Amino acid sequence: MSLELRTTASALVIPTIRSVAADLAARADFDLDSIDDLRMAVDDVCAMLVRIAARDATLSCSFIVRADRIELAAEIDADASAGPLPTKSFGWRVLESLADDVSVAYLPGVHGEGGRVCITLAKGAVAVPQT
Amino acid sequence: MSLELRTTASALVIPTIRSVAADLAARADFDLDSIDDLRMAVDDVCAMLVRIAARDATLSCSFIVRADRIELAAEIDADASAGPLPTKSFGWRVLESLADDVSVAYLPGVHGEGGRVCITLAKGAVAVPQT
Amino acid sequence: MRHVSSDFADIMDLQVTEHGSDARIVTVLGEVDALTAPELAAFLTAQLATARVVVVDLDGVDFLGSAGLSVLFEANQQAGRQDRVLRLVCNSRIANRALEATELKEHFSFADNVPDALTDSP
Amino acid sequence: MRHVSSDFADIMDLQVTEHGSDARIVTVLGEVDALTAPELAAFLTAQLATARVVVVDLDGVDFLGSAGLSVLFEANQQAGRQDRVLRLVCNSRIANRALEATELKEHFSFADNVPDALTDSP
Ligand SMILES: Nc1ncnc2c1ncn2[C@@H]1O[C@H](COP(=O)(O)OP(=O)(O)O)[C@@H](O)[C@H]1O
Ligand SMILES: Nc1ncnc2c1ncn2[C@@H]1O[C@H](COP(=O)(O)OP(=O)(O)O)[C@@H](O)[C@H]1O
């Protein structure tokens, strides 16, 4: 099952995107903690991308629902003034603690000089107990 | 605010799509009845399109959130064996009683001979009292 | 209790309770849509084949789309044809709105709750 | 009560109650994300400037994302620097999970409920 969401790059749409993530996870029988973690991780990814978005950019979030995990690839055309994502920031650390296999890729820009930034992550259906 | 959802054309994704519609309406301050009506109308539209979908088709639902209403354009590549939508059916009557300005358009097919079928509707933020 | 679900799906639960020899209470929980409506249709048809009074309790319904409305409408017609009584208990805001907004409400007979639905039998 | 919203937005409510001259209870309701976190930050900074004990009641929180966690973390650090007490009441499953999953819980001091948070003052 795959689902792609393409929206105006605005913080106003993030609540809807994280609700979609939670809905997919709930229907895929994720446990409650994993649903929450995915919702937070998706929120964090979208907020980071919206912050660096070029004017009038479209935020694209592609979810793939597999038997035991959900994968997300989120992409945006970055503003020319945006530097690389702050992967040492509080938000990035939170993201890494919530999701599995977080990575970021910088692609040549289709529109404008800011390039295209893509964050991918995966989240398993069963929460790993905290150590 | 605009949001496009592109999904596998399967009845399994309809619950997620109608949740998105309800989420958008709730955040746009629709009254409860109008949220419910939109959720049902979107469910009905998606079910009708999934039923006529060509193999491996993608269901596309584009929402536009305006100040006082939400518009939806839902499209699918139809199977070659699919006839026109049954606009006298129970489901279509339900749709017309739930939404405003329902219409259907048949476009030349990009893939296959079934053509492309598009249903559009609008729903206002405030429910009209039943007569 | 029967639990209709798949790996990735919405969920509907159907429960049936016998009340005397000729009445059945069907409790519908969850979402009634194109995926789950066929199960409800088969269930109601079977109950109407054996019981004179079938009470359908919709209080626990979270979603009732046109597929579900159609099933209820057809079951109601079947009941009429076969001289059975189909009675809805519907205190769920969502199910109520579905019946009202589509102007289907007038076609059904209602009771405030399950005990009333059983004692009101004509 | 202050109500942070816009035409199309998620919603957070902040309420503040004074308890004696040096304690404040800040009740957070709704969703704390990138949109609403700045309002929470400004609010907590203001309370920590005037009160010795600030209790943050998160029981009514429906969403707590990294923007909100960061605000709580910074307010906690501000409290430490200024010799104030910041205490969380957190019986919301969602807020609890946010603090646990990110391993931020150990940085905060907690009370089971608001009365305890006030009487426990060191
Ligand atoms: N999962 C986490 N996410 C974010 N911050 C965390 C997390 N766990 C602990 N922290 C805390 O965040 C604080 C800030 O870290 P620091 O290295 O000083 O700055 P920065 O994160 O900006 O590089 C540290 O005190 C650290 O304990
Ligand atoms: N909003 C509605 N949506 C669907 N059916 C409705 C609606 N309102 C009333 N109905 C009922 O649906 C029934 C079926 O209508 P009919 O014309 O016999 O068949 P069909 O809808 O298949 O053309 C009618 O008895 C009609 O009263």
Side-chain angles (χ1 to χ4, degrees), chain B residues 7-22 25-26 30-53 59 85-100 102 119 121 123-124 126-131, chain C residues 3-13 28-42 44 58-78 80 88 90-108 110:
Chain B
T7 65
T8 316
S10 155
L12 293 171
V13 301
I14 297 177
T16 302
I17 301 174
R18 62 180 190 244
S19 293
V20 169
F30 275 43
D31 63 36
L32 284 180
D33 284 345
S34 300
I35 295 170
D36 284 349
D37 294 356
L38 180 66
R39 189 190 348 244
M40 290 185 273
V42 168
D43 173 79
D44 208 358
V45 165
C46 292
M48 284 190 258
L49 293 181
V50 163
R51 213 173 294 132
I52 60 165
L59 174 63
L85 285 174
T87 51
K88 297 237 186 306
S89 65
F90 188 93
W92 194 267
R93 279 211 227 172
V94 164
L95 180 58
E96 287 185 322
S97 65
L98 294 170
D100 316 318
V102 181
I119 302 177
L121 63 80
K123 180 69 192 173
V126 181
V128 184
Q130 292 296 314
T131 43
Chain C
H3 190 107
V4 180
S5 75
S6 77
D7 265 348
F8 183 81
D10 54 351
I11 284 166
M12 176 183 72
D13 275 324
V28 188
L29 302 169
E31 299 177 299
V32 190
D33 68 358
L35 270 177
T36 56
E39 175 86 10
L40 178 62
L44 290 179
L58 300 172
D59 286 1
V61 165
D62 301 320
F63 180 74
L64 181 58
S66 79
L69 291 167
S70 173
V71 165
L72 293 175
F73 189 82
E74 310 246 310
N76 198 43
Q77 291 194 315
Q78 182 192 348
L88 304 184
C90 186
N91 300 298
S92 146
R93 208 189 55 76
I94 282 184
N96 233 313
R97 176 63 189 172
L99 290 162
E100 251 169 31
T102 57
E103 289 171 43
L104 288 165
K105 202 161 184 176
E106 65 206 53
H107 295 277
F108 293 93
F110 289 88

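Sequence lines set the chain letters: A, B, ... in the order given, protein chains first and strands last, and positions in each chain run from 1. These numbers come from a predicted model, not from an experiment. Basis for what follows: all heavy atoms, side chains included, without hydrogens, waters or symmetry-related copies.
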Please tell me if the side chains of Trp92(B) and Lys88(B) come closer than 4.5 Å, counting only heavy atoms from C-beta onward.
no

Does the side chain of Met48(B) come within less than 4.5 Å of Leu95(B)'s, by heavy atoms?
-> yes

- prompt: Between Phe73(C) and His107(C), how do the two ring planes meet: parallel, tilted or perpendicular, split at 30° and 60°?
  reply: perpendicular

From the list Ala98(C), Ser70(C), Ala34(C), the residue making the most non-hydrogen contacts under 4.5 Å with chain B is Ser70(C)

What one should report as the nearest heavy-atom pair of Phe108(C) and Leu72(C) is CE2-O, 3.4 Å

Counting heavy-atom pairs under 4.5 Å with chain C, the top scorer among Ile14(B), Asp44(B), Asp33(B) is Asp33(B)

Answer key: most heavy-atom pairs under 4.5 Å with chain C among Ala11(B), Cys46(B), Ala41(B) is Ala11(B)

Under 4.5 Å to a heavy atom of chain C? For Ala47(B) that would be side chain

